[in-house]
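Atoms within each ligand, like the ligands themselves, are counted from 1 in listed order. Computed over heavy atoms, backbone and side chain alike; hydrogens, waters and symmetry mates excluded. Computed from a predicted model, the values in this text were never measured in an experiment.
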Amino acid sequence: MTSTTHDHPRSHELPPPRTHQLTDRVFAYIQPDGGWWINNTGFVLGEHSVLCIDSCATERRTRAFLAAIDAVRAGRPGARMLVNTHHHGDHTNGNCLLPDATIIGHQRCREGILSTGILRPEGLWETVDWGDLEPAPPFVTFEHRLNLYVDDLLVELHHFGTAAHTTNDVVAWIPEHRILFTGDLVFNGGTPFVLMGSVAGSFVALDAVMELDPEVIVPGHGEVCGPQVIDMAGEYLRFLQTTASEAREAGLTPLEAARSADLGPFAALTHPERLAGNLHRAFAECEGARPGDPIDVLAALGDMVAFNGGRPLTCLA
Ligand SMILES: [Zn+2]
């Protein structure tokens with residue numbers, strides 16, 4: 001008998017993505033299971049335009065997202081805008097499949113995509129069929145704030161002035177409905193991931209999110225939620241800082257610290273291996289790094305694989 005054993009489902013075994021209508025014109029597009037490279041997107045529909053919030057990691061997933069928009073849009077014409085919440089490939093790889101869209105993002109999101117291109121991170125994550133993709137960075141960029149209108153509905157783009165998940169996080173805030181698309185500032189049910197951003201800056205960004213007073217949060221990964229998920233993220237970040245400072249005093253490496261840490265309530269979050277990467281950032285900040293300063297990301301990703309028993313990280317994209 002031939003059989004393939006694996007301890008998690010394959011991509012085709014995941015529930016299909018679903019379009020989640022939040023208001024008459026605002027939609028979240030939720031992709032289970034929200035794991036590595038499986039992001040959420042969204043769209044705001046007008047009579048004369050449509051605003052997309054992020055694309056997906058692969059050609060197949062992005063085409064499915066665009067088909068979901070077309071299904072709701074029912075042939076209405078109009079210009080397309082695409083906002084990227086940050087430069088990571090799970091949110092931007094599919095940009096090239098919207099060739100007629102005005103692509104908008106933070107200036108450093110553009111720079112990030114131009115410098116990394118389409119990553120094919122073999123060895124770090126399980127192999128993925130990425131499809132036919134080419135880099136398509138934002139070509140309308142901003143630093144702090146930008147207002148977009150879909151018909152007369154205001155969508156505010158905010159960068160909170162600090163690195164957090166990355167150096168270029170942008171949220172899309174719809175004040176009329178108190179709906180916030182957070183990108184990866186929030187993972188609902190997943191471990192926060194600040195390796196390429198900042199622990200200290202994440203506190204600032206999460207405070208700024210709370211300041212907006214959202215009722216509905218569409219996180220970068222995981223189910224639509226309310227602002228209470230922010231509390232768990234804050235607690236995790238404090239745990240991270242404490243673990244880092246104690247481990248440094250004890251002379252441990254980030255990987256040793258991750259392996260010996262007691263995750264406690266955070267063991268319930270998915271992707272515990274992020275602790276090894278997050279600790280690289282937390283150690284650097286203990287040593288005086290400012291938010292977003294370059295650190296050795298590849299070494300940190302390697303430690304995440306080591307934490308994962310030396311196996312590439314689960315990726316069902
Ligand atoms: Zn990300």
Next item on the list: Indicate if the distance from the Zn ion (ligand 1) to the nearest N, O or S atom of D184 falls below 2.8 Å.
Entry: yes
Notebook entry, point to check: Counting backbone and side-chain atoms alike, does H88 have an N/O/S atom under 2.8 Å from the Zn ion (ligand 1)?
Noted result: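 Yes, within the cut-off.
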Item checked: Among T41, T62, T85, the one residue meeting side-chain hydrogen bond (donor to acceptor under 3.5 Å, both in side chains) with D54 ->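 Exactly one pass, corresponding to T85.
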Next item on the list: Only one of D184, D169, T92, N168 passes side-chain hydrogen bond (donor to acceptor under 3.5 Å, both in side chains) with H86; say which it is.
Entry: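 Going through D184, D169, T92, N168 one by one, the side-chain hydrogen bond (donor to acceptor under 3.5 Å, both in side chains) with H86 is satisfied by D184 alone.
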Next item on the list: Run the salt-bridge test on E47 and R25 with the 4.0 Å N-O cut-off and return the result as yes or no.
Entry: no
Next item on the list: May I have the angle between H86 NE2 and H165 NE2 with its vertex at the Zn ion (ligand 1), rounded to 10°?
Entry: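 The angle at the Zn ion (ligand 1) comes to 100°, rounded to the nearest 10°.
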Next item on the list: If the plane angle is over 60° it's perpendicular, under 30° parallel, otherwise tilted; pick one for F27 and F43.
Entry: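 Geometry flag for F43 against F27: parallel rings.
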